[in-house]
Amino acid sequence: MSDSLFTRIIRREIPADIVYEDEHVVGFRDINPQAPVHVLFVPRTPIATLNDLGEEHAELVGRLVLAAAAYARREGFAERGYRTVFNCNEDAGQSVFHIHLHLLAGRRLGWPPG
Ligand code: 5GP
């Protein structure tokens, strides 16, 4: 299988505004932001969808959430609030098949989501 778009961003083969990096996770700004802050947190290990997760990925998924929370604290909007979202497959509108946690912030976010 060819490398995912996000693997190519992680490898710097495709440009992106990378705002967070650790050993396991890379965060970069969404190309089509839905809020003033819209960052995608992506594992360096490519996994297509949440349906492909196993027990062995429990720590990695936790790391995605921790990375988003650390970024929110670092950027100063943690107390004000933010939303994190994983889209899975067609009904949720997943368009890139390399799991990613959306972090949205910087405006009041409606609920329920569209
Ligand atoms: P999904 O719909 O799969 O949950 O989210 C994929 C996200 O990736 C979308 O919000 C879309 O705007 C973003 N995206 C798609 N292609 C690119 C790209 O080339 N660069 C960046 N930075 N984001 C992208």
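Counting convention: from 1, in listed order, for ligands and their atoms alike. From a predicted model like this one, the values you see are computed outputs, not experimental measurements.
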I'd like to know if Glu21 and Arg12 make a salt bridge, using a cut-off of under 4.0 Å between side-chain N and carboxylate O.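 Salt bridge between Glu21 and Arg12, a charged N being under 4.0 Å from a carboxylate O: yes.
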At under 4.0 Å between heavy atoms, which part of [X] makes contact with ligand 1: side chain, backbone, both or neither?
X: Phe6; value: side chain
X: Ile31; value: both
X: Asp17; value: neither
X: Ile14; value: neither
X: Ile9; value: side chain

Return the minimal non-hydrogen interatomic distance between [X] and [Y], and the atom names on each side.
X: Ile99; Y: Thr49; result: CG2-C, 3.4 Å
X: Phe41; Y: Leu64; result: O-CD2, 3.6 Å
X: Arg83; Y: Gly110; result: NH1-O, 2.9 Å
X: Pro43; Y: Ile10; result: O-CD1, 3.7 Å
X: Asp3; Y: Arg11; result: OD2-NH1, 2.6 Å

Is it the case that the side chain of His38 and the backbone of Ala35 share a donor-acceptor pair, with hydrogens and angles ignored and the cut-off at 3.5 Å?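 No; judged by distance alone, with no hydrogens or angles, the pair does not exist.
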Consider every N or O of [X] and every N or O of ligand 1, then say whether any pair is closer than 3.5 Å.
X: His100; value: yes
X: Ser95; value: yes
X: Phe28; value: no
X: Val96; value: yes

May I ask whether His102 has any heavy atom positioned less than 4.0 angstrom from an atom of ligand 1?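 Judged by the 4.0 Å heavy-atom criterion, His102 does count as contacting ligand 1.
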Work out whether the distance between some heavy atom of Phe86 and some atom of ligand 1 is less than 4.0 Å. no
Nearest-contact summary for [atom] - protein heavy atom, Å:
atom: atom 22 (N) of ligand 1; answer: Arg29 O, 2.9 Å
atom: atom 11 (C) of ligand 1; answer: Asp30 OD1, 3.4 Å
atom: atom 19 (O) of ligand 1; answer: Leu5 CD2, 3.8 Å

So if you build clusters from Ile, Leu, Val, Met, Phe, Trp, Tyr with side-chain heavy-atom gaps below 4.5 Å, do Phe28 and Val39 land together?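 Per the 4.5 Å side-chain linkage, Phe28 and Val39 are not co-clustered.
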Which of the numbered atoms in ligand 1 are below 4.0 angstrom from a heavy atom of Asn32?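 Every atom of ligand 1 under 4.0 Å from some heavy atom of Asn32: 12 (O).
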Give the ring-plane orientation class for Tyr71 versus Phe77, where under 30° counts as parallel, over 60° as perpendicular and anything between as tilted.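 Correct class here is perpendicular.
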Is it true that His100 and Phe86 have ring centroids separated by less than 6.0 Å? no
